[in-house]
Amino acid sequence: MRYWLMKSEPSDVSIDDLASMPKQTVAWYGVRNYQARNFMRDQMRVGDQVFFYHSSCEQPGIVGIAEVCKRAYPDATQFDPASKYFDPKATPETPRWFNVDVQFVKKTRLVGIKELRSYPELASLRILQKGSRLSITPVDPAEWKFIMGIL
DNA sequence: GCCAACGTTGGC
DNA sequence: GCCAACGTTGGC
């Protein structure tokens with residue numbers, strides 16, 4: 001079982017949005033970065049634990065816990081010309097983009113990026129590295145355990 | 001809105 | 001295969 005951190009813009013899908021979805025699950029559509037795609041497609045398994053992170057907003061930070069509830073499958077939005085995630089080079093025979101589904105586990109207090117940066121134990125957390133923009137990153141078990149301990 | 005850091009694209 | 005130009009991310 002692996003641990004992850006997944007960024008979402010709350011104006012798109014917030015932790016509260018997830019909590020109020022039917023079955024409290026959501027397809028993690030719209031990822032258009034190969035590294036992030038590969039994490040979902042090749043490494044994520046049902047049951048993997050996820051920190052839900054709000055990005056590009058007033059208070060960026062971890063806001064909840066989710067878990068992977070469905071293995072990766074082709075992202076439907078890549079085939080939809082009306083979608084902003086449409087990819088003309090993708091076909092159902094050779095899909096380019098994949099997504100998992102995640103399920104709400106619980107909300108946490110907001111652990112802001114500034115607070116995350118303040119802990120030496122989290123010095124190597126991927127999203128805190130200079131220039132890091134990946135929307136999906138692995139979290140080491142020790143990092144996961146530490147953050148769970150400060151929630 | 002700014003801008004640093006990255007990723008992608010496409011001409012050569 | 002190089003690399004300049006362009007687009008995106010995301011904290012501030």
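Any value given below was found using the heavy atoms of this structure, including those in side chains, with hydrogens, waters and symmetry copies removed. For clarity, every value in this text was computed on a predicted model and none was experimentally measured. Throughout, protein chains are lettered first and strands after them, A, B, ... in sequence-line order, and every chain is numbered starting at 1.
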*What about A:Arg133: does its side chain form a donor-acceptor pair under 3.5 Å with the base of C:dT8?*
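Side chain to base: pair found, below 3.5 Å.
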*May I ask you to verify if any side-chain N or O of A:Tyr53 is less than 4.0 angstrom from the OP1 or OP2 atom of C:dG11?*
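Affirmative; the distance criterion is met.
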_Measuring centre to centre across the rings, with the benzene-like ring taken for any Trp, is A:Phe39 within less than 6.0 Å of A:Trp28?_
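Between A:Trp28 and A:Phe39, which both carry aromatic rings, the centre distance is not below 6.0 Å.
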Nearest-Å distance for atom pair [atom1]/[atom2], residues [X] and [N]:
X: A:Arg32; N: B:dG7; atom1: CZ; atom2: P; answer: 18 Å
X: A:Arg37; N: C:dT8; atom1: CZ; atom2: P; answer: 19 Å
X: A:Glu9; N: C:dG10; atom1: CD; atom2: C1'; answer: 8 Å
X: A:Glu58; N: C:dC12; atom1: CD; atom2: P; answer: 14 Å
X: A:Leu134; N: C:dT8; atom1: CG; atom2: C1'; answer: 13 Å
X: A:Gln129; N: B:dC6; atom1: CD; atom2: C1'; answer: 15 Å
X: A:Arg117; N: C:dG10; atom1: CZ; atom2: C1'; answer: 11 Å
X: A:Lys84; N: C:dT9; atom1: NZ; atom2: C1'; answer: 12 Å

Checking contacts here: which listed nucleotide ([options]) is nearest the side-chain heavy atoms of [X]?
X: A:Lys130; options: C:dG10, B:dA5, B:dG7; answer: B:dA5
X: A:Ser56; options: C:dG11, C:dT8, C:dG10; answer: C:dG10
X: A:Pro60; options: B:dT8, C:dG11, C:dT8; answer: C:dG11

*Please figure out whether A:Lys89 or A:Asn33 has its closest DNA chain B nucleotide nearer the 5' end.*
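Residue closer to the 5' terminus by nearest nucleotide: A:Asn33.
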*Identify whether the distance between the nearest side-chain nitrogen and carboxylate oxygen of A:Arg71 and A:Asp48 falls below 4.0 Å.*
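Looking at A:Arg71 and A:Asp48, the cut-off is not met.
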_Parallel, tilted or perpendicular: rings of A:Trp144 and A:Phe51 (30°, 60°)_ =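 Geometry flag for A:Trp144 against A:Phe51: parallel rings.
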*asked:* Please evaluate residues A:Trp97 and A:Tyr85 with respect to the criterion ring pair (Phe, Tyr, Trp, His ring centres under 6.0 Å), reporting the C-alpha separation (whole Å), side-chain torsions for both, the decisive distance (0.1 Å), and the verdict.
replied: CA-CA 10 Å; A:Trp97 306 109; A:Tyr85 297 115; over 10 Å; no
*Does a donor on one side chain sit under 3.5 Å from an acceptor on the other, for A:Glu143 and A:Ser124?*
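Short answer, yes.
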